[in-house]
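Quick notes on the structure that follows.
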Amino acid sequence: MSASISPQILPSEAETRLEVQPLPLDRLQQMYRTMFLIRRVEESLLQAAEEGKIGGAMHTAIGMEANAVGAAHATRPDDYVTCTYRGHHHALARGMDPGQAIAEVMGRATGFAKGKGGSMHFVDPEHGLMGANGVVAAQVPHAAGMALAAQLRGEDRVALTFFGDGALYQGVMHETFNMAAKWKLPIVFYLENNRYSEMTPIWRTSSVEALYRFPRAYGIESMQIDGNDVEVVYTAVAQAVERARAGEGPTFIEALTYRLAGHMAGDLETYRTEEEKALQRQHEPLMVLRNKLLERGARPEELEAIQAQVEEEVQAAVAFAEESPWPDIAQAYTDVFYL
Amino acid sequence: MPKWTMVQAINQALALELEQDRRVRIFGEDVGRNGGVFRVTDGLQERFGEDRVFDTPLAEAGIIGVAVGMALYGLRPVAEIQFAGFAHLAFHQVAAQAARLRYRSGGEHHVPLVIRAPFGGGVRTPELHSDSVEAFYAHAEGIKVVIPSGPYEAKGLLHAAIQDPDPVFFLEHMKLYRSLREEVPEERYTIPLMEARVVQPGNDLTAIAYGALLHTTLAAARQVEKEDGVSIEVIDLRTVHPLDEETVVASVNRTGRALVVHEDSRAASIAAEVIAVINERALYALLKPVRRVTCPDTPFPLPAVEDVIVPHQERIVRALRETLEP
């Protein structure tokens, strides 16, 4: 096996095969706002974890925001999404209230699940987020079930499921590939390849280097894209969703991205070097989008104004969460069965 | 009223649900075109179409995972696992996903899913085809485990299970599929979940059973009643989890003696739970220790000796008499 490799930053050109459509400036600015919001919410959460205000494991997606925001813009609010325990970014991208999100991670009664779900189980059916999941790949067949339900009922909703590179080695992933392909389900498989299965680089455990090739064995269309460029993500997901809605079946997108923070709060990160992170920071999604906006004529003051607004919003959300009450002990006994 | 086998009763319940509720979808391995290994879904695809009744790949985790997604979407999936022992492959999706989503989401989600699976001894199928799995799922909080004891019960309980807002594991004892016929109303009726049934009233001992062994227990009780001049109350648990504690406790408080019978192995079983409940709530009424008649803590017995090892009438009679001793 080859010795340590710094993960490649950009996809191989041969596999991209995307004509990226430039999005209008105001749309890009909206995206920038949401991406910055996600970044600041997650940084605040890490800070709170350091201060001992958050119990248990918490996984952030710092550096992976473009995947969530590009995909959210390319789907309809009534499409369905499932994702992994690294799922704050997907919930916020789809419109979850940041105060409710932070309160949930802090275990407060005002969280979206009354403090029962926590960081790993983000859920917001109103915005189509049908569940983040604590177990790798468990959420993938759920999305296929929603796609199947939509197909059986003749409704044109699409299911989009996010997972990490680690999910590709789970059996149920392959069971789902097979059903999705056989039944031509309206589903988009979105691999956020952040190069690490928890704390182990992919090359140490994977029999295959090019992960987008896995689903091709099932006859599923697949591509590899730059997951740190929100415009690329938007284009790829929009195309995949269009295919799904047209009854052309599933698409698999491997998005190369990078997790800039640890696997979970408190991760010692013994498995990678500062040099590797520094290299990846040169292509992190907020910077990519910021440069793009400035190139296309956005003024720096505009972006600063957006950031200042977001800062305020995040501060208010953190304050809301910290001032929220703890759940009543009775919550331990409710929501087991319908009563 | 027609006299039906349990296979016919379940088939008829599924047909009525398909007819009356557009949300109901039935699927699993060989259930569509073929009509299922035991013919339980015979004719349903033909009558209701492939959108309502369909075949899946041999992929238990995928089947239940997809069923969870369908339930979240608003359908009423009824998934068949070909043999209950195969459900081990789907254990995560049943116990950690279907059963937990309501709690985990703070009530945002609920999973109205029914998993049907045959199980049980007496038909000489080896190990994983015969295994009793109810205790595993009884421990997976958030799912009900139902085991009908015959055709009439099966139909009413299945209607209730399909309309229940939460997941139900519906276990069908293979030996009951065709071994008895009962009068079953053609129209839809429900038997409430989580309610045990007093099959016959009695004063001197409470015998608690479910599934196929309910009938063996009943026969043993009648033999002892006839030969020894006693009276035995027999309870069919029907829903083995959550338990109908009230019915069990009220009966034992009155009789002062109890015996629990099941085909599953002994340790950490439904019988263990029933006895714990009796100890907690009726201990001072007891005149003798509560016994259990079960399979041993081994894999399901080999076919040649199945009849001797799985609880049979003689063993139950013996245990009843020992418990009835002054």
Side-chain angles (χ1 to χ4, degrees), chain A residues 80 82 104 109 111-118 120-126 130-135 137-155 157 159 161 170-180 182-183 185 187 327 331-332 334-338, chain B residues 22-23 25 27 49-77 79 89-90 92-93 96-113 140-144 164-168 193-194 241-242:
Chain A
Y80 280 148
T82 67
E104 183 67 31
F112 55 80
K114 304 182 275 192
K116 296 168 127 169
M120 290 197 258
H121 302 122
F122 269 49
V123 62
D124 185 6
E126 217 176 290
M130 299 303 274
N133 213 295
V135 169
Q139 76 284 4
V140 173
H142 300 171
M146 292 167 210
L148 175 60
Q151 185 190 62
L152 290 172
R153 292 223 295 214
E155 292 165 357
R157 283 170 161 174
T161 182
Q170 293 277 23
V172 76
M173 185 87 222
H174 293 264
E175 293 181 28
T176 310
F177 280 153
N178 178 56
M179 288 191 251
K182 182 66 193 169
W183 295 336
L185 296 183
I187 184 170
Q331 282 302 336
T334 60
D335 302 319
V336 179
F337 291 115
Y338 175 78
Chain B
R22 283 289 308 165
R23 299 172 300 175
R25 311 286 156 144
F27 49 94
E50 291 187 28
D51 283 357
R52 309 290 308 282
V53 183
F54 52 91
D55 293 315
T56 65
L58 311 185
E60 283 77 11
I63 292 169
I64 303 303
V66 162
V68 168
M70 294 167 77
L72 292 178
Y73 194 102
L75 295 182
R76 296 270 163 166
L89 285 159
H92 171 75
Q93 286 294 336
Q97 301 299 334
R100 300 270 186 88
L101 280 164
R102 180 187 280 279
Y103 186 85
R104 177 183 302 156
S105 66
E108 290 281 331
H109 281 325
H110 68 115
V111 182
L113 157 68
E141 302 309 340
I143 185 163
K144 298 177 181 116
D164 195 85
D166 292 310
V168 177
L193 305 182
M194 299 189 289
H241 182 82

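Residue numbering restarts at 1 for every chain, and letters A, B, ... go by the order of the sequence lines. Note that this is a predicted model, so its numbers are computed, not measured.
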**OP:** With a 4.5 angstrom heavy-atom cut-off, could you sort out which part of A:Val123 is near chain B: side chain, backbone, both or neither?
**Re:** side chain
Original post:
Is it the backbone or the side chain of A:Gln331 that comes under 4.5 Å from a heavy atom of chain B, or both, or neither?
Top reply: backbone
Original post:
Side chain, backbone, both or neither: which part of A:Ala147 has a non-hydrogen atom closer than 4.5 Å to chain B?
Top reply: neither
Original post:
In Å, rounded to the nearest 0.5 Å, how long is the span from CZ of A:Arg153 to CG of B:Asp51?
Top reply: 12.5 Å
Original post:
Out of B:Arg22, B:Arg23, B:His92, which one racks up the most heavy-atom pairs below 4.5 Å with chain A?
Top reply: B:His92
Subject >> Atom pair CG (A:Leu152) and CZ (B:Arg52), whose distance is rounded to the nearest 0.5 Å >> reply: 9.5 Å
Original post:
Between the side chain of A:His121 and the main-chain N/O of B:Ser105, is any donor-acceptor distance below 3.5 Å?
Top reply: no
Subject >> A:Lys114 side, atom NZ; B:Tyr103 side, atom OH - distance, nearest 0.5 Å >> reply: 9.5 Å
**OP:** Write down the atom of A:Tyr338, the atom of B:Pro165, and the distance for their closest heavy-atom approach.
**Re:** CB-CG, 3.5 Å
**OP:** Check the surroundings of atom CD in B:Glu141: do more than 12 heavy atoms from other residues, nucleotides or ligands lie under 6.0 Å from it?
**Re:** yes
**OP:** Identify which part of B:Leu89 has an atom lying under 4.5 Å from any heavy atom of chain A, answering side chain, backbone, both or neither.
**Re:** neither
Which side-chain N or O atoms in residues 57-70 of chain B pair as donor and acceptor under 3.5 Å with protein atoms at least two apart or in another chain?
none

**OP:** Mark yes when over 12 heavy atoms from residues, nucleotides or ligands other than A:Glu126 sit less than 6.0 Å from its CD; otherwise mark no.
**Re:** no
Subject >> Smallest separation among heavy atoms of B:Gln97 and A:Val135, with atom names >> reply: NE2-CB, 4.5 Å
Original post:
What part of A:Ala143 is in contact with chain B, defined as an atom under 4.5 angstrom from a non-hydrogen atom: side chain, backbone, both or neither?
Top reply: neither
Original post:
Between A:Met120, A:Gln151, A:Arg157, A:Gln139, which has the largest tally of heavy atom pairs under 4.5 Å with chain B?
Top reply: A:Arg157
Subject >> Nearest-0.5 Å distance that lies between atom OG1 in A:Thr334 and atom CZ in B:Arg102 >> reply: 10.0 Å
Original post:
Which heavy-atom pair separates B:Leu75 from A:Ala149 by the least distance, and what is that distance?
Top reply: CD1-CB, 3.5 Å
Original post:
Out of A:Asp124, A:Thr82, A:Val336, which one racks up the most heavy-atom pairs below 4.5 Å with chain B?
Top reply: A:Val336
Subject >> CG on A:Asn133 to CZ on B:Arg100, rounded to 0.5 Å >> reply: 11.0 Å
**OP:** Could you tell me which portion of B:Pro77 (side chain, backbone, both or neither) has an atom closer than 4.5 angstrom to a non-hydrogen atom of chain A?
**Re:** neither
Original post:
Can you check whether A:Phe337 reaches B:Lys144 side chain to side chain, under 4.5 Å on heavy atoms?
Top reply: yes
Original post:
B:His109 and A:Pro125: which non-hydrogen atoms are nearest, and at how many Å?
Top reply: CE1-CG, 3.9 Å
Subject >> Between CE on residue A:Met179 and CZ on residue B:Phe27, distance to nearest 0.5 Å >> reply: 9.0 Å
Subject >> A:Tyr80 versus chain B, the contacting section by heavy-atom distance below 4.5 Å >> reply: side chain
